[in-house]
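What follows is a single structure, written as structure tokens, with notes after it.
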Amino acid sequence: MNEPGKLYVKTFGCQMNVYDTEKIYAFLQDTYVPAASEEEADVIILNTCSIREKAENKVYSQLGRFKPLKDINPDLIIGVGGCVAQQEGERILKRSPSVDVVFGTHNLDELPAMLEERKKSGKRICRVREDTGTVPTADAPRVMGGRGATSLLTIMKGCNNYCAYCVVPFVRGREVSRPASEILDEAVFLVEKGVREITLLGQNVNSYHDPDTGAGFVSLLESMELLPGLERLRFVTSHPKDFSPELAHAMADLPSVCEHIHLPVQAGSDRVLSAMKRGYTSRQYMEKVELLTKLIPEVEFTTDIIVGFPGEEREDFELTMEMLNTVKYQNIYSFRFSSRPGTAAAAMKDPVDADVKRSWLPELQDLQNQITAEKHRNMVGREVEVLVEEKDNKKNGFLEGRTRNNYIVHFPGDPELLGKIVRIRLTNSRAIHVMGEMVN
Ligand code: 5AD
Ligand code: SF4
């Protein structure tokens with residue numbers, strides 16, 4: 001038998017892509033083993049993201065940097081997948097001569113055949129399928145999992161919401177849920193491999209429906225709760241408009257569901273939320289935050305925010321700042337609005353001067369940094385439960401993990417503790433994490 005080749009997949013963008021990357025490794029596991037670096041790879045794949053223009057540009061600059069690798073190794077195969085591939089297709093082959101294979105977000109299963117064909121025929125190949133409406137991983141081999149204590153698990157793909165700024169419904173297609181039986185099967189497999197924490201993944205997990213039984217997301221959480229050996233359960237992303245009181249109660253009642261929720265607010269102004277077509281007001285959003293805080297005292301919130309949506313004025317932006325001060329998010333993911341082709345917002349006029357808006361994002365991030373710092377300081381002195389996820393890659397002899405409510409904790413410890421749950425006393429606050437030491 002031939003020596004297996006070496007595969008390097010570089011991931012851009014969201015959690016969905018992180019999961020797809022795992023699937024790419026899995027689809028190719030019979031012929032390729034993971035490479036430690038781009039330099040030693042026989043196949044390099046870029047799993048791309050088109051959610052903002054900046055993410056898309058990164059792909060082309062990265063492709064430019066692969067040219068010298070191809071000069072050294074003419075047999076090196078370069079593939080481009082993900083959302084940019086889904087949208088751009090053949091144009092990538094035209095624009096980047098070093099690319100051999102382009103595959104869309106619905107074509108992962110064809111990748112082994114495409115790579116074979118490229119090797120045999122020498123022809124450059126592009127396959128971008130229209131959304132087939134099929135379930136994401138029905139015919140996929142199991143994701144590799146077992147590479148650590150935590151794993152992602154896709155429960156649905158696509159999105160039906162068409163928020164005015166967002167390209168996801170166009171590239172990822174309509175919403176399709178996987179059967180719960182298949183999800184549970186995959187979860188059992190992961191737990192058997194040593195996974196202790198699973199994050200259920202979907203663009204809008206709250207609208208999950210088992211295609212076999214019609215049962216909703218809460219029912220899926222209840223079934224996951226019964227899996228022996230699964231300590232922690234998380235999920236992303238929750239759309240605030242579909243986040244129900246029933247789900248808040250389930251989070252409070254199910255012991256494995258962690259005390260953290262990512263609830264993307266996008267903006268604090270009702271005028272902007274309505275222009276974004278988000279389907280909730282700031283008051284309705286706050287009602288969900290208040291209910292969760294009442295039911296789950298330790299709960300922490302994170303969110304996504306877009307600054308400078310078309311027509312957003314200073315007073316709108318200040319309402320977003322107010323939102324940060326009221327909710328006291330643990331962390332935010334904040335972005336300058338980026339106009340994406342084909343979306344409703346791309347056609348909207350913006351009377352507000354771009355120069356005026358430029359300073360808003362750093363202003364928002366400064367405020368959040370102060371809030372995060374204060375929250376980290378408040379944790380010092382407390383004793384918490386941490387799932388040890390990896391070695392601290394900057395500090396020898398240190399490990400890194402997370403509390404149930406999503407604080408990142410660094411502490412000195414033996415690598416044997418990887419995958420274990422330990423008790424830590426928090427001693428010092430830092431910008432991104434909190435330092436601690438083991439109790440006993
Ligand atoms: N411009 C800026 N940010 C965007 N996001 C999605 N589309 C855009 C866009 N066109 C952000 C949203 C979303 C996150 C994943 O990316 O905040 O929640
Ligand atoms: Fe995009 Fe809105 Fe769907 Fe999220 S809910 S993926 S922001 S369209």
Side-chain angles (χ1 to χ4, degrees), residues 11-20 48-58 82-84 86-87 105 131 136 152 154-177 199 201-208 217 235-243 261-269 272-280 285 288 301-312 316-317 320 323-324 327 329 331-348 350 352 354 357-358 360-361 364-365 368:
T11 315
F12 297 82
C14 64
Q15 302 262 62
M16 200 59 74
N17 270 12
V18 173
Y19 183 81
D20 279 354
T48 64
C49 170
S50 60
I51 202 145
R52 288 170 292 274
E53 195 178 0
K54 223 162 133 189
E56 199 171 300
N57 291 342
K58 264 194 219 153
C83 294
V84 178
Q86 184 68 27
Q87 281 203 302
T105 49
D131 179 16
L152 302 171
T154 288
I155 63 165
M156 63 194 301
K157 71 157 194 181
C159 182
N160 291 348
N161 283 314
Y162 293 94
C163 298
Y165 49 82
C166 187
V167 82
V168 166
F170 303 99
V171 286
R172 292 278 175 170
R174 309 284 293 171
E175 218 168 82
V176 191
S177 298
T199 302
L201 206 58
Q203 299 295 348
N204 184 10
V205 292
N206 305 117
S207 63
Y208 172 84
F217 184 60
F235 51 88
V236 278
T237 297
S238 281
H239 194 307
K241 91 177 149 56
D242 299 319
F243 188 94
I261 176 93
H262 183 66
L263 207 54
V265 67
Q266 310 298 358
S269 141
V272 173
L273 285 172
S274 158
M276 286 176 165
K277 298 203 170 27
R278 288 290 287 174
Y280 53 86
Y285 180 89
K288 311 207 180 200
F301 298 88
T302 54
T303 202
D304 292 347
I305 284 170
I306 297 177
V307 170
F309 190 75
E312 182 173 343
D316 297 305
F317 169 68
T320 304
M323 193 67 136
L324 263 52
V327 179
Y329 291 105
N331 201 354
I332 63 169
Y333 302 87
S334 52
F335 316 98
R336 211 168 256 133
F337 168 74
S338 165
S339 179
R340 305 313 291 138
T343 60
M348 292 179 187
D350 194 359
V352 188
K357 288 184 166 183
R358 198 147 306 156
W360 295 358
L361 184 65
L364 184 87
Q365 290 171 339
Q368 182 56 43

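Heads up: numbering here begins at 1 and tracks the sequence. Everything numeric in this text was worked out from a predicted model, so none of it was measured. All ligand and atom numbering here is 1-based and tracks the order in the structure.
- Side-chain contact annotation: S269 with E312, donor-acceptor N/O pair under 3.5 Å absent.
- Side-chain atoms of N17 come within 3.5 Å of backbone N or O of T48 as a donor-acceptor pair.
- Residues meeting the side-chain hydrogen bond (donor to acceptor under 3.5 Å, both in side chains) test with N331, sequence neighbours left out: none.
- Closer than 4.0 angstrom to ligand 1 lie heavy atoms from I51, R52, Y165, Q266, D304, I306, F335, R336, F337, S338, R340.
- In this structure, R172 contributes its side chain and C159 its backbone to no donor-acceptor pair below 3.5 Å.
- Within the sub-2.8 Å shell of atom 2 (Fe) of ligand 2, the protein contributes these N/O/S atoms: C163 SG.
- In this structure a side-chain-to-backbone donor-acceptor pair under 3.5 Å is present from K357 to F309.
- Contacts of R52 classified as side chain to side chain contact (heavy atoms under 4.5 Å, CB included), with partners at least two apart in sequence or in another chain: F335, S338.
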task: Show the numbers, then the answer: is there a side-chain contact (heavy atoms from CB on, under 4.5 Å) between E175 and S207?
output: CA-CA 9 Å; E175 218 168 82; S207 63; 2.8 Å; yes

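- Using the six-membered ring where Trp is involved, Y285 and Y329 have ring planes that are tilted, between 30° and 60° apart.
- Side-chain N/O atoms of H262 and T237 include no donor and acceptor closer than 3.5 Å.
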